[in-house]
Amino acid sequence: MKKLFGLILFMGLGVLIILALNNTISFPKFGSVDLSDRVADAYLDNDNVSEVGSANIVTAIVVGYRGFDTLGEVTVLFISALGVAFLFSFKKEKRLDLKFKPNFMLKHGSKLLFGIMLVVSLYIITHGHLTPGGGFPGGAIIASGVLLLYLADDKFRSNIKGFKVLEGVAGSLFVIIGLLGLILATSFLENFIASGTVGQLLSAGIIPIIYVLIGLKVGSEIASVVDNFLTEEESA
Amino acid sequence: MEILDIIVFSLMGLGVLFTAIRLIIGPHFSDRVVALDTFNMIVIGVIVVLASVFKSELYLDIAIVYAILAFLETVVFARYLEGNRK
Amino acid sequence: MKYFTTFVALLLVYLLLAGFTVDEVILGSIVSAILTVLLTKYLNFKIDLKFPLRLLKFILIYIPVFIWKLILANFDVARRVLSPKIPVNPGIVKVKTNLKSDLGKLTLANSITLTPGTLSIDVLDEYIYVHTIDVKGSDGLEKEKNISGPFEKILEGVFE
Amino acid sequence: MTIAGYVFMIIGGLFFLLGGLGVLRMPDTFNRIQAGTKATTLGAFSVLIGVGLVNFEWSWIAKIIIIIVFIVISNPIGSSTIAKATYYSKYKPDNLVQDDLEKRGDE
């Protein structure tokens, strides 16, 4: 039954792809695309740096112009975390037994390093509009800190409920800020705060706020994936 | 100063080459982990010197993040190796 | 007091990364305050009034010795790498340490790894298990002098 | 200042080269760990100080301090983790003349 269902899904997807590629109306003909007529030029235009207010052009595109896409990306990550949680069980009570004790230096040194890692990750998240980096790498570093503690301490169990609450709150706030843009300005996720001087910490309007939320959401999602992999059900 | 940059880069590049050879031929998994650890440290050096060549301190952020991830990588591989017990 | 030192350490790291401006100090204080509440239960440093003196000892006595030993270690490595004919008889020896605090043991083990010819593998109870390239000296005391001698006394002054 | 910085950087590069050579030429895993860790720690130290001297500004030096502290703490920890893993794995080198850890038994 499962295999049949999978086959139907697979074939349906194939049909959809063929239909989409066969569509001659919405796709320009091969070789006839006018590359000078793309939005990329407008994004990279120097005037737009002052329009968005972000010193980092990648951040300006990812959050400023393509905020809606980013919301989708974060949702993809959320769904994959949910998939991992489904694949394993929900009733996680016991820490997975790693059989081998971590050595002393790793166990005690990782606590020192964890502090540095968290500060670095928060620095990267909050400076996403000024330096390379931003929400996604910062969130990944938070999660790697959690992974380090899991590997370094065989008794450690992170507060996974806190992570879930954090993830939910961050996701909801992202959407709420988008809706505020719809109300206060004209469209979803539009910037409604003055963008300030380029290069200052408090600049670029809603970009830093959204990037902080993305960072917290990504970090807590990946941390919950790590937790799911390293815990198991209480064997009855 | 360009010639000095080239000297530094070539020294580090030779180091990277040697560790890469060990990474490929290393008879055991543990040798590969050691080679990878050394490799990552040299790459941190390369990033820092690149930051100096490009005169941009933003590259140092990348070096910090790389150092963090390199350490984590070493720990993860080492813990995996422990599972391969005799 | 415990909260305060954690807070100061985190804020220092943040400000070193971000630079000293008014905005950064405010943001860094918020970030460090949140992290302090989350992290204090994992970090347990014993901090008392002698702390500045200890820090001074650490910087002025420990670090120069450490760097000197590190340079010696590298010349040792260079000698071994460039002439692999030097006979090696490696072994794992245990070294007793008198340090009680975890941080002290950690620093001692890390220092041993970075000194000539030794590599600390694990710390169990009050023994540090060290891999040495060349097992010297048959009785225990002599070995300990060779391996952990220079650091043990300094770190006792710092951490105990 | 620039000259001194470049001297440090070249010394650091030499130590990195030495680390790579050590990892390649040493006979067994523990010796490779030793050579790799020591040489790369001092090499990174030296290169970072050199870059700090070439670009003698506060924003550079602050970040360099963070990297040095992180490397000095993390590098020995990482190598001792590999060493312990190697010791208990099936690839343990068999040329040890003395082995105190074995007397202690498993874990």
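Just so it is clear, the model here is predicted, and its values are computed rather than measured. Letters A, B, ... mirror the listed sequences (proteins, then strands); counts begin at 1.
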Note: B:D31-B:R22 ion pair, threshold 4.0 Å (strictly below):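 Here B:D31 does not pair with B:R22 in a salt bridge, since their nearest N and O are not under 4.0 Å apart.
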Sort out for me which of [options] touches chain D most, counting heavy-atom pairs under 4.5 Å.
options	answer
B:S10, B:A51, B:A35, B:P27	B:A51
B:T38, B:I7, B:V75	B:T38
B:V8, B:I42, B:T19, B:T74	B:I42

At a heavy-atom separation under 4.5 Å, does [X] approach chain D through its side chain, its backbone, both, or neither?
X	answer
B:I68	both
B:L14	both
B:A20	neither

Working for side chain to side chain contact (heavy atoms under 4.5 Å, CB included), residues D:Y6 and B:D5: CA-CA 8 Å; D:Y6 273 104; B:D5 284 332; 3.0 Å; yes
Are the side chain of [X] and the backbone N or O of [Y] linked by a donor-acceptor pair below 3.5 Å?
X	Y	result
B:R32	B:I24	yes
B:S52	B:V48	no
D:S46	D:L42	no

If you tally heavy-atom pairs under 4.5 Å against chain B, which of [options] wins?
options	result
D:T29, D:I66, D:I33	D:T29
D:N55, D:V54, D:V47, D:I11	D:N55
D:L48, D:I64, D:L21, D:T37	D:L21

Ring pair (Phe, Tyr, Trp, His ring centres under 6.0 Å) pairs, two or more places apart, involving residues 24-51 of chain D: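 Checked against ring pair (Phe, Tyr, Trp, His ring centres under 6.0 Å) - neighbours excluded - the pairs reaching residues 24-51 of chain D are C:H131-D:F30.
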Per-residue contact mode, D:V23 against chain B (heavy atom under 4.5 angstrom):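 Contact with chain B is through both the backbone and side chain of D:V23.
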From CA spacing to verdict: side chain to side chain contact (heavy atoms under 4.5 Å, CB included), D:M9, B:L4: CA-CA 9 Å; D:M9 271 154 74; B:L4 290 174; over 6 Å; no
